[in-house]
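Sequence positions, counted from 1, serve as the residue numbers for this chain. Values reported hereafter were calculated over all heavy atoms of this structure, with side chains retained and with hydrogens, waters and symmetry mates removed. Just so you know, ligand 1 is whichever comes first in the structure, and atom 1 is the first atom listed for that ligand.
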Amino acid sequence: MNNCSYNNGAVSIKTSKETSSCIIVIFGVTGDLAHKKIIPALYKLFTMGLLNEKTRIVGIGRRKYSDMEYSEYINSALEKLTAAPGGSPTGDFLKINSYHEADFTDSAEYPDIREYLKKLAARYKICDFLYYLSTPPANFEQIITSIHASGLSRPDFLDVSCAGSFVRVVIEKPYGYDISSARALNEKVLSIFSEDQIYRIDHYLGKETVQNIMIFRFVNGIFEPIWNQKYIDNVQIKVFESEGIGGRANYFDRSGIIRDIIQNHSLQMLSLIAMEPSASTAPDAVRNEKLKVLQSIRPFDGNEAAKFLTAAQYSAGIIGGETVQAYNREKNIASDSVTETFAAIKLFIDNWRWAGVPFYLIAGKRMPERLTEVIVTFKPAPHMIFNSLCNMSESVSNRLVIRVQPDEGISLKIFCKRPGFETELQPVSMNFDYSGSFEASLPEAYERLILDALNGDATLFMRSDEIEAAWNYITPVLECLKNKKIELKNYAAGTPGPELCDFFGLNLC
Ligand SMILES: NC(=O)c1ccc[n+]([C@@H]2O[C@H](COP(=O)([O-])OP(=O)(O)OC[C@H]3O[C@@H](n4cnc5c(N)ncnc54)[C@H](OP(=O)(O)O)[C@@H]3O)[C@@H](O)[C@H]2O)c1
């Protein structure tokens, strides 16, 4: 165990190594995601000394920017970070950034991109490239094709010897629109790059709390023996957002909550909760086990759709004291839109560990609060000897809650005797929260994911077969909605969605 060090009971497993010198090329650098997440994440890595000092970052966009304007743009993306106490000035970071104007949908512009990158690579003696596609998903295929056609997919275009160098591509979500488009995209990308060059992002996998699911399950030996159908009654995975659709109306109305959240974030968390321990922590060992979970999900039964799916759209309501309008009154949304902003799916994983255990994937917009959590409800004790339990309002089941965001932490609900002469039971919580236990703040998911892509570690990225297995399950769900096999319900913004208790026969409220 060369990578392990021990200090006061903490075990540190060194996984990161120094990144190699690399040119990071961001397609879509002027977009919302680059501004909000990618540029700040790169800056944080830079200030922490985690980027190789020769690293260069090239933004590709179609806007006209002088060097000065681009610096202002980068600075505007870093305002929050540099204004925070201890925030560093951005000068040195600006020096490693540059901008190249190009329309990435025009293949004729790629020879120019190539010449630009070639000069930069020669100047800093760099052979490695990371292309980050932070662009509209409709452009992924086209950009990959043009990267290849212009020779950028292999370091040969540098005309120097680049033994051992890499070219990698990071692809944003959504990866595909349904099973056939995801397959077509996989086919295209895999015809140019090998699987180990492709980093398909689901940023949930970069969240500290989501990564902790594997540590929690496979390092703390007390949970694994009860982590199965014998002891677990049901599992809920909730992803609630209080926001509406912001400036992403066109994207969201075409997508809906099932594509936007459940197909990727919820199913990825499900696979971590339900997977078998992997043979090692090697990327493929972990991804093989996650894949088996996705492949074991019982196919959605469209004939009994109402039993397994509920979908709804928000109407006007109140959140945080403010009145918000109905979804079909939002800017750029048609008044007759039938896009679901809330969905709850009940599914089963048909394998030995999980036979008969319902998993509920619940996601919604305009919920009362922003919250992502996994709730594992255990079966009650087989026989109750305390009569006083009949006075209890809630079921006597232990509940483990993994809080992914906000207030990240884990809590276990147990029952205790309320002090006094009566035998009265009361649920109490054993809590672990990150903020109370660790001084350092949690790193942003994008910091971890970009670092991993630079290091060539694909564990936290989705493999082609995982993506297809997830779409295989979800596509019939979407077809059922499209064909109106279930009624689209309504819920007031600021409420936790439509009534689910009767629907699932379980107290989910
Ligand atoms: N935003 C998020 O919170 C978020 C979260 C998760 C995943 N994602 C994914 O991340 C990707 C980017 O999202 P986004 O929200 O940043 O989208 P966006 O704001 O629409 O940004 C797309 C970028 O692509 C540029 N662009 C479009 N067509 C171009 C062309 N022909 N040539 C050059 N540049 C062009 C746009 O340039 P202009 O500025 O000139 O229009 C813009 O900079 C998408 O795949 C999205 O699904 C986004």
Per-pair distances, 0.1 Å, donor-acceptor, side chain in residues 133-146, under 3.5 Å, sequence neighbours excluded:
unit_1	atom_1	unit_2	atom_2	d
Asn139	ND2	Gln142	OE1	3.2
Gln142	NE2	Thr105	O	3.4
Thr145	OG1	Glu141	O	2.7
Ser146	OG	Gln142	O	3.1

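- Aromatic ring centres of Tyr446 and Tyr132: separated by at least 6.0 Å.
- The 4.0 Å heavy-atom shell around ligand 1 contains residues Gly28, Thr30, Gly31, Asp32, Leu33, Lys36, Arg62, Arg63, Ala102, Asp103, Phe104, Thr105, Ser134, Thr135, Pro136, Pro137, Phe140, Glu172, Lys173, Pro174, Arg248, ordered by chain and number.
- Of the N and O atoms on the side chains of Tyr491 and Thr341, at least one donor lies less than 3.5 Å from an acceptor on the other residue.
- Stacking of Arg200 on the aromatic ring of Tyr175 is recorded, both the 6.0 Å distance cut-off and the 45° axial limit being met.
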Point to revise | Chi angles and distances behind the ring pair (Phe, Tyr, Trp, His ring centres under 6.0 Å) call for Phe432, Tyr434 | key: CA-CA 7 Å; Phe432 147 67; Tyr434 278 82; 4.9 Å; yes
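- Relative to the ring axis of Tyr204, Lys173 does not place its NZ or CZ within 45° and under 6.0 Å from the centre.
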